[in-house]
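The shown structure was predicted, so the numbers you read here are calculated from the model rather than taken from an experiment.
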Amino acid sequence: GGVVGGTTALTSVTTDAPGSTDINGGSVKTTGGQTYNDPVALSADATLTSTATGDIEFASTVDGAHNLTVDADGGAVAFDDDVGSGTQLSSLTVNADTTITAGAINVANTLTTNAGTTITITGPVEAQELTGSSNGTTSITGANTIATLGDFNTGNGDFTLDNGALSITGALNAGTGTIDLELGSNSLDEDGGVGTITAGVLTGSAGQTTLTGANAIATLGDFTTNDNDFTLHDGALSITGTLNAGTGTVDIEEIGRAHV
C-alpha cells in the first residue's frame, strides 16, 4: 500500500483483466489516463486523479465501504460495470472535464457527479443524496432509489430522473432546459419549500406532488399524479400539456401568470 504518484505523478496506469486491484494507499495520481481492467476493491478512502488529458475508466466492478473520488481534469470518466453492487461504497464523487458514463451505482451516502459536458447513468442508482452539475444533458434512468436531490445545475441542458420517492432539498436548475421526473406513483416534494426547480419545461409523473419552493418554471408539459394532489407555488407558468391529477386536487398559487 501507499500513495501512487504523490511526489511525481505517473504518466498513466493500466491494469490487466486477470486478478483484482486493491486500492489502499489513499490516492493515485497520473498526468495521463487510468484504466482499470480488473475488479477494483477499496480498502481505504481513495482519490484517483488524472491531471492533464487522460480519461479514467473502470472496465470492471468497483466495491468497498469507503469514499471514492475520481477526478479527470482533462478527460472523461467511465464506469463500464457496476459500482457498489458487491460492497456498497460510502460515497462517490466524480469530476470530469468532458463526459461521465455509468451503469448501476450503489452508495450509502452521497453521489456527486460534475461533468464538463454530459452525464449518462443507466442505473439503477441507490443513494441517500444526489448532487452535481453538467454543461449539457443529464440522464439518470433505471429503477433508482434516491432519497434527496441537492443542488444540481445542467447549464440549460435537459435533466431526466427515473423512479423513487424524491425530496428536492437544493436548487435543481436546468435553465431553459427540460426537467423530466418520471417517479411513477412515488411522492415528489421540495422539503417544505427549501428546494427549488428552475426549468424551461417540467414534465413527468409522480404520486403526491408538493412543489412549494421559489420555483421558476416557464412551461408545464404533460404531468400526471396518479390520482394524488398536485401543488405548485411561484414562477410564471404556461400549461402546454396535460396536467392530470385524476381524483386528486390541483393547487397552483402565487404565480406571475398562468394559462392553459
Side-chain angles (χ1 to χ4, degrees), residues 113-123 125 130-142 144 146 148-260:
T113 55
N114 296 303
T117 57
T118 61
I119 298 170
T120 305
I121 301 175
T122 57
V125 172
L130 171 68
T131 65
S133 64
S134 63
N135 281 303
T137 300
T138 291
S139 175
I140 304 173
T141 55
N144 301 306
I146 300 168
T148 61
L149 179 61
D151 291 340
F152 210 109
N153 192 318
T154 65
N156 296 319
D158 295 342
F159 179 91
T160 300
L161 177 64
D162 288 352
N163 291 296
L166 182 68
S167 182
I168 300 173
T169 59
L172 173 56
N173 188 348
T176 59
T178 296
I179 292 177
D180 183 24
L181 303 176
E182 298 293 345
L183 308 183
S185 296
N186 296 294
S187 63
L188 171 65
D189 67 67
E190 291 180 326
D191 193 26
V194 174
T196 62
I197 293 175
T198 299
V201 182
L202 173 65
T203 62
S205 64
Q208 188 82 16
T209 299
T210 309
L211 305 177
T212 55
N215 300 299
I217 301 167
T219 302
L220 182 63
D222 291 340
F223 202 104
T224 180
T225 63
N226 299 286
D227 293 322
N228 291 280
D229 296 344
F230 177 91
T231 301
L232 176 63
H233 289 182
D234 289 323
L237 181 69
S238 176
I239 301 175
T240 59
T242 300
L243 173 57
N244 185 358
T247 59
T249 298
V250 173
D251 180 17
I252 299 177
E253 300 182 8
E254 301 175 14
I255 294 176
R257 64 182 187 277
H259 63 271
V260 177

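- In this structure, the side chain of D229 engages the main chain of T249 through a donor-acceptor pair within 3.5 Å.
- The side-chain hydrogen bond (donor to acceptor under 3.5 Å, both in side chains) search around T178 returns none, not counting sequence neighbours.
- Nearest approach of V194 to T169, heavy atoms of both residues: CG1-O, 3.5 Å.
- Residues passing the side-chain contact (heavy atoms from CB on, under 4.5 Å) test with A199 are I179, I197, sequence neighbours excluded.
- Side chains of T113 and F152 form a contact here, defined as non-hydrogen atoms less than 4.5 Å apart.
- Rounded to the nearest 0.5 Å, atoms CG (N228) and OG (S187) are 9.0 Å apart.
- Of all non-hydrogen atoms in S205 and E182, the two that sit nearest each other are OG-OE1, 3.1 Å.
- Side chain of D222 to main chain of T242: a donor-acceptor pair is present (N/O by atom type, distance under 3.5 Å, no hydrogens or angles).
- No side-chain heavy atom of L130 sits less than 4.5 Å from a side-chain heavy atom of N144.
- Contact between L232 and I217 at its shortest, heavy atoms only, is CD1-CD1, 3.9 Å.
- Side chains of F223 and L188 form a contact here, defined as non-hydrogen atoms less than 4.5 Å apart.
- Between the N163 side chain and the G184 main chain, no donor and acceptor come within less than 3.5 Å of each other.
- Considering only residues two or more places apart in sequence or on other chains, T176 meets the side-chain contact (heavy atoms from CB on, under 4.5 Å) condition with N156.
- Across all their heavy atoms, L166 and I146 have their closest contact at CD1-O, 3.7 Å.
- The side-chain hydrogen bond (donor to acceptor under 3.5 Å, both in side chains) analysis of residues 190-203, with sequence neighbours excluded, yields the pairs D180-T203, E190-N215.
- Annotation: the span from F230 atom CZ to I252 atom CD1 amounts to 5.5 Å, rounded to 0.5 Å.
- S133 and N114 share a side-chain donor-acceptor pair at under 3.5 Å.
- Side-chain atoms of F159 and L181, non-hydrogen and from C-beta on, do get closer than 4.5 Å to each other.
- In terms of heavy atoms, G157 sits closest to A174 at O-CB, 3.6 Å.
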Under 3.5 Å, which donor-acceptor pairs link side chains of residues 135-142 to any protein atom two or more places apart or in another chain?
from, atom 1, to, atom 2, distance (Å)
N135, ND2, G116, O, 3.4
T138, OG1, S134, OG, 2.9

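- If you take CG on D162 and CG on N186, they are separated by 11.5 Å, rounding to the nearest 0.5 Å.
- Across every non-hydrogen atom of A115 and I119, the tightest pair is CB-CG1, 3.5 Å.
- By the side-chain hydrogen bond (donor to acceptor under 3.5 Å, both in side chains) test, D189 pairs with S167, sequence neighbours left out.
- Here T160 contributes atom OG1 and I121 contributes atom CD1; the two are 12.0 Å apart, rounded to the nearest 0.5 Å.
- Once rounded to the nearest 0.5 Å, the distance linking CG of D251 with CG of L211 reads 11.0 Å.
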